[in-house]
Every structure is written in C-alpha cells, then in structure tokens.
Amino acid sequence: MGVGTYEPEGPEFIQILDKDGELVGDEPDIHEDTLKEMYWWMFYARKADEKALKLQRQGRMGTFAPIEGQEAAQIGASMAIGDKDWFVPAFRELGSYLQRGIGLEKNYQYFMGDVRGNEIPEGVNNLPIAVPVSTQVPHAVGLAWGIKIKGDEGAVLTVFGDGATSEGDFHEGLNFGGTLGVPVVFFCQNNQWAISVPLEKQTGAETIAQKANAYGFPGIYVDGNDVLAVYQATKSALDRAREGKGPTLIEALTYRLSMHTTADDPTRYRTQEELDSWKDKDPLKRFRKYLEDKGIWTEGWQEELEKKAQKKIDEAVQAAENIEEHSVEEMFEHMFNEMPKDLKEQMEYLKRSLEEKEIEEEEVEIKGGFP
Ligand SMILES: Cc1ncc(C[n+]2csc(CCOP(=O)(O)OP(=O)(O)O)c2C)c(N)n1
Ligand SMILES: [Mg+2]
C-alpha cells in the first residue's frame, strides 16, 4: 500500500471454492469429464514439477522454474482457451504447457538446455516461452490486433507475473490493447514474489486488477488457487474478447510455494509462517475435496492417476535424455532469416574453440594423465 490516502477499492475478490474445498460462490455448470480433466492436469503438473526439481538436483537438468502452488491458476486459465484462441506465455508455465499439448519430454528437453524443446507442435496456437520479463505482453496485443484486422475468430490469452507489471512493456501492452480494442486477455499470475522482491514493492495499488480501469477495460480479481473461479473468469473474459468487446485484465492471486528457480533459496527472504499459511490454501487439496464431496474423486481413481503420471514422467525423462545433441550451427540459426556477419563470426569462433578443445582433450588422453 502506498503512503498517500488515496485508496480506491479494487474489484471484488471472486472465489467459488474456499481453502477447504467448500462452495462459497455459485457452483458453475461444468461437465464431470471436464472437472476430471482439470484435476488430472493439476495433479500431473505437480508430479512433473517435483520430478524436474529432482532431475536438477541430480545434475540432469539445468535451471528450472517450478510451478508448485500455481496449478489452479495455470490449468484453470489454459483450459478456458478455445480452439481458435492463442496462448502467449511467460516462462513458469509447465502446467499450462502440458495442458496445451506440449509433451512433457519437450518441457524437460528445454530445461535440460536444448532450445528445440521450445518448438511448438504443429496445430498448437502457442507462442514460445518468453524469458525476458513482460516482453510477451505487447506481442500478445500485436497478435490480437492481427486477428482483429483479418477478421479471424480467436482471442489471445497472455500470462505474466506480478513482477512483470512493473515493466514498461506491461503498460504499453495494456494501453494499446485498450485503445485498439483488440481481443486479448491479460492474465497476471500474482504469486506475490518476483524472485526476492515482494508484491508491495511492485505496486502502491491495492490490487493489480484495478489497473485495468486506467486502460479502459474491466479488471477481475480472482482466487488463483481456486481452479473453478479461475476457469470461469478466464472463460468469460475470452468470450467477451471474441465478441469484439475488447480486453480484460485478470489478476489471479496465488503463491509460489517453491523457489523462484533452482538457483534461488527463498528461505533467505520469506518466512516459514508465510509459506505454511499458503500451503494451507493448496489448490490441489481443495479441488480434490470438492470432487470427493461430489463422489468424483475416489482413492481408486487417484491410484490410477498416480500410475499414469509416473509412466508418462518416466517416458518423458527417457526421451529427453536420449535426444541427439544439436549442432553448434543450430544455436545461431533461428534469430535472423539471413545470418548477419557478426553472428556468423561468433559461430565460427565457437566452432573453432570447440575443435581446439577437442584436440587438447585428445592430447591429454594420449599423455594418459591429468593436465
Ligand atoms: C527484462 C528482464 N529483467 C529481469 C529478468 C530476470 N528475472 C527473471 S524472472 C524475474 C522475476 C519475475 O517475476 P514475476 O513477473 O512476478 O514472475 P514469477 O517469476 O514470479 O513467475 C526477473 C527479475 C528477466 N528475465 N527479464
Ligand atoms: Mg511473481
């Protein structure tokens, strides 16, 4: 909260399931198969996330950005995306990525350091992962503008973090989105931390959602750990966008239960009490309780899902670890249609250095000792 006395109220906080899985809002009419699918993706994402952390700790994966705690925000949002719509992600998207049909082996491959894991399969309307914070927001607006100009049917959902809302790209994107009236939904996964920077340092406003007012479109403030609320909010915003009524900003309040990335130690900047209070709001736990009360979740079904997830994870690790190494050239190829001279020089330099290293290594071997 800022130091002034100007404290306009943000939008109402939308929740359908409370932290214990009890209905506190209007129960949406969602088919049982869709509910089961939601639970599956959330559960599978959590298991795949846990495995990625283990792989990194075993030296089998590079830096990884975990999603634990954000499964409802991710699956609720991506399940609302329609066939003609587009998804424009940031970088902490394992859950949405899996749900969008990008195989786990691709996700693992990417975090193992092979950029080919970031290739989008044919027929999936996704932009690739964007690591530079917030740069995807204006891209999403451009994409939506293209849809509007061409008179196409889809809308665009772009996701970003709370930290991203301090970047110029965020404001420029929302401003253009509002003035152009394009079919885009801005979805902030407010996990309350940007590495070690807490939310209160990102904004003096009460909510991120209320920033939408200044750009001339609605803002929705939703419990990001409540998959039903996230799904409903995103679906209505995408419908609105497709009907030609322009953008919406959604703020999904959630929490990153794990570290920022595997290179981070969150115990240095946040308390155990804070962590425990959010563990109590676990999105999976509450959704499972809701499904159990409806007679959808059973222990037998859970066992089936555990087995299915384990099998898929084992296969993905096996596949990702056995992909043929790519050539040096491939690292340089995709930036420009025609490679500029300085990039070509850098590529040649790297190739020469690697060749020389190989020669050195051979000499060491011949000598048969340590250098
Ligand atoms: C333009 C830019 N600045 C800094 C970074 C380093 N960086 C990576 S993630 C991150 C924090 C992002 O926080 P947030 O937007 O809240 O997303 P979260 O990591 O919480 O998902 C920063 C500063 C970057 N990748 N890009
Ligand atoms: Mg964040």
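All residue numbers refer to positions in the sequence shown, counting from 1. As the structure lists them, so they are numbered: ligands from 1, and atoms in each ligand from 1.
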Checklist entry - Quick one: do Phe186 and Phe170 end up in the same hydrophobic cluster if we chain Ile, Leu, Val, Met, Phe, Trp and Tyr together by side-chain heavy atoms under 4.5 Å apart? => result yes
Checklist outcome for this item: Report for the Mg ion (ligand 2), protein N, O or S closer than 2.8 Å, by chain and number, lists Asp162 OD1, Asn191 OD1, Trp193 O
For [atom], which protein heavy atom lies nearest, and how many Å away is it?
| atom | answer |
| --- | --- |
| atom 3 (N) of ligand 1 | Glu167 OE2, 4.1 Å |
| atom 17 (O) of ligand 1 | Gly161 CA, 3.8 Å |
| atom 1 (C) of ligand 1 | Val133 N, 3.6 Å |
| atom 16 (O) of ligand 1 | Gly163 N, 2.8 Å |
| atom 25 (N) of ligand 1 | Val131 O, 3.1 Å |

Next on the checklist: Less than 6.0 angstrom separating the ring centers of Phe176 and Trp145, yes or no?
Outcome noted: no
Checklist entry - Is the backbone N or O of Lys54 less than 3.5 Å from a side-chain atom of Arg60, with the two atoms forming a donor-acceptor pair by type? => result no
Checklist entry - Distance-only, no hydrogens or angles: does the Thr262 side chain make a donor-acceptor pair with backbone N or O of Arg57 under 3.5 Å? => result no
Item to check | Shortest non-hydrogen contact from Leu53 toward Met259 | outcome: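 Heavy atoms of Leu53 and Met259 come nearest at CD2-SD, 3.8 Å.
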Item to check | side chain to side chain donor-acceptor pair (under 3.5 Å) evaluation trace for Gln346 with Asp342 | outcome: CA-CA 6 Å; Gln346 287 176 29; Asp342 57 344; 4.9 Å; no
Next on the checklist: Counting only heavy atoms closer than 4.0 Å, does ligand 1 sit against the backbone of His260, its side chain, both, or neither?
Outcome noted: side chain
Item to check | For ligand 1, the portion of Asn191 having any non-hydrogen atom under 4.0 Å away | outcome: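 Side chain only.
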Item to check | side chain to side chain donor-acceptor pair (under 3.5 Å) between Glu119 and Gln109, worked out | outcome: CA-CA 10 Å; Glu119 284 164 359; Gln109 184 187 357; over 6 Å; no
Carboxylate-amine/guanidinium proximity below 4.0 Å for [X] and [Y]:
| X | Y | answer |
| --- | --- | --- |
| Lys307 | Glu303 | no |
| Asp49 | Arg46 | no |
| Glu315 | Lys311 | yes |
| Asp280 | Lys19 | yes |
| Lys289 | Asp293 | yes |
| Lys47 | Glu50 | yes |

Checklist entry - So, for atom 6 (C) of ligand 1, does the protein have a heavy atom nearer than 4.0 Å? => result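 Under the 4.0 Å cut-off, atom 6 (C) of ligand 1 has no protein heavy-atom neighbours at all.
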Checklist entry - For atom 13 (O) of ligand 1, which of Ala194, Pro66, Ala90, Ala65 has the closest heavy atom? => result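 Shortest heavy-atom distance from atom 13 (O) of ligand 1: Ala194.
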Next on the checklist: Out of Pro132, Ser134, Ala164, who is nearest to atom 15 (O) of ligand 1 when you count heavy atoms only?
Outcome noted: Ala164
Next on the checklist: Is there a polar contact, in the sense of an N or O pair closer than 3.5 Å, between Arg256 and ligand 1?
Outcome noted: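 By distance alone, the answer is no.
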Next on the checklist: Check contact between Phe160 and ligand 1, using heavy atoms of the residue and a distance below 4.0 angstrom.
Outcome noted: no
Checklist entry - Does ligand 1 have an atom that lies less than 4.0 angstrom from a heavy atom of Arg92? => result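 Yes, Arg92 has heavy atoms under 4.0 Å from ligand 1.
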Checklist entry - Which atoms of ligand 1 are found less than 4.0 Å from any heavy atom of Ile195? => result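 Listed by number with element, the hits are 10 (C), 11 (C), 22 (C), 23 (C).
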Next on the checklist: Closer than 4.0 Å to some heavy atom of Asp162 - which atoms of ligand 1 meet that?
Outcome noted: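 By the 4.0 Å cutoff, the relevant atoms are 15 (O), 16 (O).
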